[in-house]
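Quick notes on the structure that follows.
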There are 4 protein chains.
Amino acid sequence: MSLPDLDITLDFRSAWPISEQIKEQLRLLILSGRLPAGEQLWSIRQLAVSLTINPNTVAKVYRELEQEGFLTSRQGKGCFVIDNTGPIIAQERDIRVRNLGTGFLREGRALGFSVNDLIRLLKELDDE
Amino acid sequence: MSLPDLDITLDFRSAWPISEQIKEQLRLLILSGRLPAGEQLWSIRQLAVSLTINPNTVAKVYRELEQEGFLTSRQGKGCFVIDNTGPIIAQERDIRVRNLGTGFLREGRALGFSVNDLIRLLKELDDE
Amino acid sequence: MSLPDLDITLDFRSAWPISEQIKEQLRLLILSGRLPAGEQLWSIRQLAVSLTINPNTVAKVYRELEQEGFLTSRQGKGCFVIDNTGPIIAQERDIRVRNLGTGFLREGRALGFSVNDLIRLLKELDDE
Amino acid sequence: MSLPDLDITLDFRSAWPISEQIKEQLRLLILSGRLPAGEQLWSIRQLAVSLTINPNTVAKVYRELEQEGFLTSRQGKGCFVIDNTGPIIAQERDIRVRNLGTGFLREGRALGFSVNDLIRLLKELDDE
DNA sequence: GTGGTCTAGACCACA
DNA sequence: GTGGTCTAGACCACA
């Protein structure tokens, strides 16, 4: 299979369900373009084996991502990344990064840090 | 009750367990000092009613936060915020903000944004 | 349980999956108001027993209807019909009846019947 | 190929099996006479290519429609529409339109519409 | 082989 | 008791 390493990591001990963990990581891979538009995804069985989880769980993940519009599946053929180059995806990317930024700002402030503290931190983390 | 509005919001439809949602928000309120050291928390029943959830859930939350060292409970009196001005708390705050920053940086980059994009975004969000 | 007889009938031999059969009938019960707004639905286990199917199948049905906005579920409490008296539901009802009418008209014509034939048929069926 | 455009449309995302979707549309084309008696149908390969599905699926469809009496196949020559002008076909047409009407009436009523509402709707749709 | 549905049953979170 | 997640495994439709 020519798919790149998906680089999906699961925390089986987390309260966050593993299906949600996979969904979030796949969404990010698609939005970021690391999974190119039209690309065939790992088959349900392959991904299940490689993550050592049950095929049903992967099937649920794919079904829900299909409903959200991130991929399409076809009987007997496989699952494919939808076109992720359009303006809707670009907009979705913007929304996500803004949400992340807002969360970081809000929590950071709640912990007693100023915007400048947070910016300094980002630069510092970037240098590492 | 002299406690300020706790400003805890729950998403009942989320896959993230309600108890975890409450714990995370209480941790943040304590770390940030918005719940001052020594302050008495809402009683289990009060919080349960005000969040429209079962007292068992609140009891579990308090029990676990006590184990983590965020609260102490005194038989028959209630639960109280531990001293949140010490160096351990300060260190904990640093760890959390670094984790948040790392996450923001990682996800932001994955979505195709540079550190400078992210910093610009933080400034922009700060001005609003 | 005070729920009225749901009057859901399944055809286990159909190519149409039973989960889809249930979904369609529940949608209709909700849109028609026969399941009143806010009403608690049969529990997953109750409905599974009464239809002699697996609870997982009912859970899937409820989950998908929740995503479509027909009901909401709460951990440990149950599943509830959403407010079905609003204008959106009225509009949805209109859309559905128009689709049905269009389909009837199109297929009827394809079979060689005129609109008047179809109207006559409706009256005749109504008298029975 | 002199066959008219078959005008068969498939919904690959539907829970309704693709083979059933094709069968139903072919039945209607034959019953309606749009596929004239004795007419040669598309070859299995042609139809498969034009619908972007697997030849096995088309073969299965043709085999089942032959069993139902809608087609006949002649070794090495192809599939042909049976005579659709006889009384049996006329009767079949009647049964189908009655079923459609019954369904429209039942669902329409369930949604809160009267027979007169439905008749008015049919007239309105006919004018468009 | 690939996706989709369904059953059976364990286990957890919440009421 | 009630919903939610997950595993294990059968069986079907489609390629």
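So that the names make sense, note that chain A is the first sequence line, chain B the second, and so on, each numbered from 1.
- Separating the CG atom of C/L65 from the C1' atom of F/dG3 is a distance of 15 Å, rounded to the nearest angstrom.
- Mapping B/E20 and A/I44 onto DNA chain E via the closest heavy atom, the residue that lands nearer the 5' end is A/I44.
- Interatomic distance, B/F70 CZ to B/C79 SG, rounded to the nearest 0.5 Å: 14.5 Å.
- Atom CD of B/Q21 and atom C1' of E/dC14 are 13 Å apart (whole Å).
- We find that NZ of C/K77 is positioned 13 Å from C1' of F/dG3, with the value rounded to whole Å.
- Residues D/Y62 and D/L71 approach most closely at O-CD1, 3.7 Å, considering heavy atoms.
- The CH2 atom of A/W16 sits 16 Å away from the C1' atom of F/dC6 (whole-angstrom rounding).
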Polar pairs (N or O, both sides) under 3.5 Å between protein and nucleotides 10-13 of chain E?
none

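- Proximity of A/T57 to the phosphate of F/dT5: no side-chain N or O atom is located under 4.0 Å from OP1 or OP2.
- Straight-line distance from the CG atom of A/L10 to the C1' atom of F/dT7: 15 Å, rounded to whole Å.
- Within 6.0 Å of CD on C/Q91 lie no more than 12 heavy atoms contributed by other residues, nucleotides or ligands.
- Rounding to whole angstrom units, CD1 of residue C/I22 and C1' of E/dC6 are separated by 11 Å.
- At whole-Å resolution of the value, CG in D/L51 and C1' in F/dA15 are 15 Å apart.
- The shortest heavy-atom contact between C/V81 and C/L35 is CG1-O, 3.8 Å.
- Under the 4.0 Å criterion applied to side-chain N and carboxylate O atoms, B/R27 and B/E68 are assigned as salt-bridge partners.
- Ion pair C/E66/C/R63 not flagged as a salt bridge, since none of the NZ, NE, NH1 or NH2 atoms sits closer than 4.0 Å to an Asp/Glu carboxylate oxygen.
- Taking atom CG on A/L41 and atom P on E/dG3, their separation rounds to 9 Å, with Å as the unit.
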Bracket string, DNA chain E, 5' to 3' - pairs by Watson-Crick or G-U geometry under 3.5 Å, | interstrand
||||||||||||||.
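- At E/dG1, none of the side-chain N or O atoms of A/S43 fall inside 4.0 Å of OP1 or OP2 (strictly under the cut-off).
- Between D/E24 and D/R96 there is a salt bridge, with a side-chain nitrogen of the basic residue lying less than 4.0 Å from a carboxylate oxygen of the acidic one.
- Between the side chain of B/T57 and the main chain of B/I53, no donor-acceptor pair closer than 3.5 Å is present.
- In the set F/dA15, F/dT7, F/dG3, F/dA15 carries the atom at the smallest distance from any side-chain atom of A/R74.
- By the 6.0 Å and 45° rule, D/R74 stacks over the aromatic ring of D/F80.
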